[in-house]
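Bear in mind that the values here come from a model prediction, so they are computed numbers and not experimental data.
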Amino acid sequence: MRRTLAPVSDLQSKTRYEPADAEPRIMERWLDAGIGAGEAAPGEPAYAIAIPPPNVTGALHMGHALNGSIQDVLIRYHRMLGERTEWILGTDHAGIATQTQVEKRLVTEGTSREAIGREAFVERVWDWRGEFGGTIIGQFKRLGASADYDRERFTLDADYHQAVLKVFVDLFDQGLIYRDNYMVNWDPGSRSAISDLEVEDREVTDTLYSIAYPLADGSGEIVVATVRPETMLADTAVAVNPSDERFAHLIGQTVILPLVGRELPVIGDDYVKTDFGTGCLKITPGHDPNDFEIGRRHGLDELSAIGEDGLMTGLVPEYAGLTVAQAQERVVAALRDQGLIRAAEPYLHTVPFSHRSGERIEPLISLQWFMAMDELAAPAIAAVRDGRVRIHPESQSRRYIDWLENIRPWCISRQLWWGHRIPVWYRDGETYVGLQAPDGAGWEQDPDVLDTWFSSALWPFATLGWPDETPMLRTFYPTAVLSTARDILFLWVARMVMMGLRFAGDVPFRDVYVHSVIQAPDGRRMSKSLGTGIDPLELIAGGPRPPVFAEGGDFPAYGADAVRFGLLAMSSSQDVRFSEEKVHQGRALANKLFNATRFVLSRVPEGARPDPRPQTVEDRWILSRLQQVVGDARRRIDAFEFAPLALGLYDFVYGDLCDWYLELVKGREFDDDLSATLLYVLRETLALAHPVIPFVTEELWAALPGGGDAAPLLATAAYPVADRARRDPDAEARIADVIATVTAVRAWRNEAGVRPGLVLPARLLADGYGQTASLVARIARIDLEAGAAGAQDAAVVLPVPGGTVELLAGDAVDPEEQARKREARRAELQAEIARAEGKLANAGFIAKAPPELVAAERDKLDRLHADLAAL
RNA sequence: GGGCGGUUAGCUCAGCUGGUCAGAGCGCCUGCCUUACAAGCAGGAGGUCCCCGGUUCGAGCCCGGGACUGCCCACCA
């Protein structure tokens with residue numbers, strides 16, 4: 001394996017970590033080493049994650065970056081635990097989205113899909129995929145994602161296609177896939193049916209027309225309300241509620257449909273609300289989902305006034321070929337001429353629009369392929385109910401179950417050319433369903449393709465070689481975790497569970513982690529079209545701040561580590577606003593580790609090797625702290641708590657390691673023991689942080705003497721183990737006192753305006769500082785020997801844990817300021833004493849609170865009194 | 001119309017099973033280029049934890065009600 005030596009010279013000369021230089025070089029090393037390549041070994045402990053496949057022509061957005069960071073933390077962690085890992089990577093052919101892009105390209109070339117024909121078009125899409133399909137994969141690499149790039153999958157790969165066909169044919173044979181005329185969401189934009197889940201509701205102000213339909217016997221009229229008057233051409237009934245006293249007597253009569261002259265029965269149906277509109281409902285089974293249901297209940301004709309091209313059909317010849325809008329205008333004008341419009345008022349309501357094309361959905365009846373879902377949903381519900389699949393956070397389970405319990409048939413055919421073509425052939429009246437075209441001449445294959453989600457539903461097992469019982473499948477299925485945003489819980493996650501259980505014999509994953517959605521800094525949805533999007537790559541490499549930021553200018557090149565850290569630190573189970581500060585914090589952490597490493601390496605002697613050899617209380621302290629942090633990190637990764645994970649690492653590195661431990665050891669000789677301990681702590685810290693900030697830790701690992709002894713790459717080294725035996729409560733208490741005392745002295749010096757470099761004579765009159773007094777003295781810049789020798793009275797008395805510090809400050813002290821400070825402190829202590837006394841005077845507290853709490857409160861009170869007396 | 005979540009320092013957010021929990025980062029103020037780091041260090045100011053009740057010895061944390069806000073689901077013409 002190629003071993004790029006760490007640029008040790010950089011460590012000596014630079015004071016800042018430069019991610020832009022290091023990260024691409026380090027990614028190369030990982031790729032060369034093949035850290036992402038999962039090796040099959042059926043029966044051995046394995047850990048796999050199937051990435052939610054991004055659209056093949058897509059670009060990395062914030063959601064990908066966050067999810068990629070999460071999955072990479074999990075994968076790297078489990079890799080370092082020594083498990084076989086496989087992060088299944090690949091792209092989705094994304095039927096409508098991709099086809100639309102290529103169609104647009106064709107238009108710019110002055111041609112069209114129809115002009116070049118199906119075969120040539122599909123070829124063009126493949127070309128397009130070849131040209132742009134690699135983009136997002138490269139972007140995942142830039143993020144540091146340690147996925148299995150050698151086995152990149154695509155949902156239209158030949159073997160994947162075979163899996164899709166097999167599932168279709170099997171479900172057909174089992175009677176779960178069927179063809180039917182049914183109401184679908186027709187998207188005039190893509191000229192295809194789309195699923196309920198691809199529909200979004202928008203508020204629209206339409207006109208609500210009240211239209212009079214005369215009774216056939218001339219005895220009166222029925223007034224119906226509608227926002228779609230043009231659909232009246234396809235009306236086949238008028239409905240009233242049978243319990244509505246105003247209209248019930250009309251049931252069984254007929255009305256004359258204006259403009260058309262058709263006689264419509266008046267029917268009774270409970271669906272009609274008596275307190276809404278006019279209480280009478282025109283029934284158009286061909287163009288309204290509810291009317292369709294009512295029509296089926298009553299055996300009504302299903303007429304189509306609007307065609308799949310979005311234009312009026314020849315149902316009523318004089319309207320044929322008009323757009324819907326034109327037809328509406330004409331219908332209304334004609335009705336007005338005849339004096340049949342009883343009212344027309346603005347009406348605000350929600351209307352379905354296509355998520356894909358943005359056009360208004362036209363519900364219409366169409367011959368489509370459907371999948372019956374009830375039989376598939378039941379086991380998928382059970383899997384979550386009984387915990388074989390755990391959804392995090394738990395509250396999402398309910399949404400999942402609710403949705404599956406109310407599931408309806410899934411329209412799986414799409415009128416597109418790009419996708420898995422439906423394996424059904426027709427000849428005269430015959431239908432053939434099979435993996436291959438039937439023998440014989442004259443067969444025509446169904447022109448439609450399958451909904452993209454049909455193939456995505458097979459992702460966790462089709463990518464591992466199913467239906468063949470491959471070693472990869474046997475090793476890595478079921479996968480461990482599926483990480484995703486909420487929005488595809490139904491669209492994708494639920495369907496994977498159904499298909500996995502049905503075809504692969506087990507759930508597709510054990511845990512589903514639903515991560516947050518990161519919104520723009522102003523709280524709006526991140527979106528390219530709104531101008532609220534933030535490109536993660538521009539955060540990594542630097543680039544102009546989008547307009548959503550209050551301040552302009554360019555992002556600095558934060559680097560991938562910083563972006564990963566930032567995204568993880570800002571994420572939670574709820575939606576959060578993007579916070580550049582967290583990315584900034586991530587960069588600061590990387591830089592801090594870089595400089596801490598510089599410091600250690602510049603001091604430790606040649607030949608030192610990592611090894612915990614605690615000589616002093618501060619050594620025992622940092623080792624103890626490390627155990628705590630290792631335990632925390634492991635627990636947090638296991639629990640998908642990524643923000644506390646990232647922020648906990650930051651706190652340890654900044655707080656414990658750099659602010660205190662490194663400062664505490666500066667006065668010591670860097671002998672072999674100290675050096676070994678320092679290197680050990682540093683090495684463990686790098687390993688600990690590696691899943692979150694892999695680049696900088698890998699870079700520094702290579703520079704550590706003995707780093708490569710354990711493993712040539714940190715990415716494949718062992719994750720730290722929390723060793724309970726190294727927990728050291730005594731050392732923790734001693735150093736906690738040191739920190740409190742040093743902080744108190746510093747605070748006083750700052751307030752009193754003592755020159756920072758000045759070392760003050762002082763006395764430390766407190767218990768518990770036997771080994772640590774000299775540490776306090778050096779860091780707080782006080783001279784205890786001079787203090788002991790000094791005859792002058794104490795100028796300043798600072799209360800510290802265990803006693804006081806007396807500062808013999810002479811000229812450096814402002815007596816008035818000192819008196820004021822002491823008074824403030826006295827007030828503070830008295831307030832705390834009052835609070836503690838109040839608590840202890842409460843009989844209920846003494847009687848009912850846990851005894852150790854009461855005792856602690858008493859101790860606290862004693863201490864407060866002592867501190868007050870010492871003032 | 002249902003369901004779920006949120007409301008904690010100027011901003012973005014942590015606060016586990018109720019008892020040093022009033023926190024972090026950024027911003028702000030003061031002082032420091034202290035031989036790892038000025039992308040730094042030290043210190044500091046700043047909060048009626050949305051409102052009203054309740055449970056409890058004790059409540060950001062539990063319960064009830066309310067206000068505001070976000071998201072999801074749903075076929076009201």
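Mapped onto RNA chain B by nearest heavy atom, Glu663(A) and Gln396(A) fall at different nucleotides, with Gln396(A) at the one closer to the 5' end.
Using a 4.0 Å heavy-atom distance criterion, Arg16(A) is classed as a base contact. Base contact: Leu281(A) has a heavy atom under 4.0 Å from a base atom. Across all strands, Arg398(A) comes closer than 4.0 Å only to sugar-phosphate atoms, never to a base (heavy-atom distances). When heavy atoms are screened at a 4.0 angstrom cut-off, Thr226(A) is found touching the sugar-phosphate backbone but no base atom. At a threshold of 4.0 angstrom between heavy atoms, the contacts of Arg399(A) are confined to the sugar-phosphate backbone, with no base atom among them. Heavy atoms of Val272(A) sit under 4.0 angstrom from at least one base atom. As judged by a 4.0 angstrom heavy-atom cut-off over every strand, Thr597(A) is placed among residues making no nucleic acid contact. Contacts of Asp659(A) with the nucleic acid, taken as non-hydrogen atoms under 4.0 Å apart, involve only primed sugar atoms and P, OP1 or OP2.
Distances from the side chain of Phe845(A) to the nucleotides G19(B), G31(B), C72(B) place G19(B) closest. Of the candidates C37(B), G44(B), C4(B), the closest approach to any side-chain atom of Ser395(A) belongs to C4(B). With C75(B), A36(B), C76(B) as the choices, the nucleotide that has an atom nearest any side-chain atom of Asn290(A) turns out to be C75(B). Ranking U12(B), A36(B), G43(B) by closeness to the Ala596(A) side chain, first place goes to A36(B). When distances are taken from the side chain of Tyr654(A) to each of G70(B), A77(B), C41(B), the shortest belongs to C41(B). With C72(B), A39(B), A77(B) as the candidates, the nucleotide lying closest to the side chain of Tyr347(A) is A77(B). Closest contact between the side chain of Asn595(A) and the listed nucleotides A42(B), G31(B), A36(B) involves A36(B). For Arg525(A), the side-chain atoms get nearest to C71(B) when compared with the rest of C32(B), C71(B), U12(B). For Arg603(A), the listed nucleotide lying nearest its side chain is A36(B); candidates were A42(B), C75(B), A36(B). The side chain of Arg781(A) lies closest to U34(B), out of U34(B), U12(B), G25(B).
A stem is defined here as three or more consecutive Watson-Crick or G-U pairs, each with both distances under 3.5 Å; for RNA chain B these stems are B:1-7 with B:67-73, B:10-13 with B:23-26, B:28-32 with B:40-44, B:50-54 with B:62-66.
Cation-pi geometry between Lys14(A) and Tyr17(A) is not met at under 6.0 angstrom from the ring centre and within 45 degrees of the axis. Both the sub-6.0 Å distance and the 45° axial angle are satisfied by Lys592(A) relative to the ring of Tyr654(A).
Other residues, nucleotides and ligands place no more than 12 heavy atoms under 6.0 Å from the CZ atom of Arg525(A).
Distance noted for atom P between G23(B) and C16(B): 15 Å (whole Å). The same atom, P, is picked in C28(B) and in C68(B); the two are 36 Å apart, to the nearest Å. The P atoms of G66(B) and A24(B) are separated by 36 Å, rounded to the nearest whole Å. Look at the P atom in both G10(B) and G53(B): the space between them is 25 Å, to the nearest Å. Taking the C1' atom of each, G54(B) and A74(B) are spaced 35 Å apart, rounded to whole Å. Spacing between U20(B) and A59(B) at atom C1', rounded to whole Å, works out to 15 Å. Using atom C1' as the reference point in both G60(B) and U17(B), the two lie 16 Å apart (nearest Å). Comparing G40(B) with C26(B), their P atoms are spaced 7 Å from each other, to the whole Å.
Side-chain contact of Asp235(A) with Thr284(A): a donor-acceptor pair under 3.5 Å is present, judged by distance alone. Judged by distance alone, the side chains of Glu580(A) and Tyr558(A) do bring a donor and an acceptor atom under 3.5 Å apart.
Base orientation of G60(B): syn (glycosidic angle within 90° of 0).
For A39(B), its base sits under 3.5 Å from the side chain of Arg587(A) at one donor and acceptor pair at least. No hydrogens or angles were tested; on distance alone, a donor-acceptor pair under 3.5 Å links the side chain of Tyr271(A) to the base of C75(B). At a cut-off of 3.5 angstrom, the base of A24(B) holds no donor-acceptor pair with the side chain of Glu581(A). Below the 3.5 angstrom threshold, one finds a donor paired with an acceptor across the side chain of Lys666(A) and the base of A36(B).
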Item checked: side chain to side chain contact (heavy atoms under 4.5 Å, CB included) assessment of Leu760(A) paired with Arg749(A) -> CA-CA 10 Å; Leu760(A) 297 177; Arg749(A) 292 178 60 119; 4.1 Å; yes
Checklist line | side chain to side chain contact (heavy atoms under 4.5 Å, CB included) between Leu700(A) and Leu593(A), worked out | finding: CA-CA 8 Å; Leu700(A) 297 174; Leu593(A) 281 172; 3.9 Å; yes
Notebook entry, point to check: Under the side chain to side chain contact (heavy atoms under 4.5 Å, CB included) criterion, do Lys282(A) and Met232(A) qualify, and how do the steps go?
Noted result: CA-CA 8 Å; Lys282(A) 72 192 259 310; Met232(A) 70 178 286; 3.6 Å; yes
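The aromatic rings of Tyr182(A) and Phe292(A) sit perpendicular, their planes meeting at an angle over 60°, well past the 30° parallel limit.
Within residues 634-646 of chain A, no residue has any heavy atom closer than 4.0 Å to RNA chain B.
Within the 4.5 Å cutoff, the side chain of Asn591(A) has heavy atoms near those of the Asn595(A) side chain.
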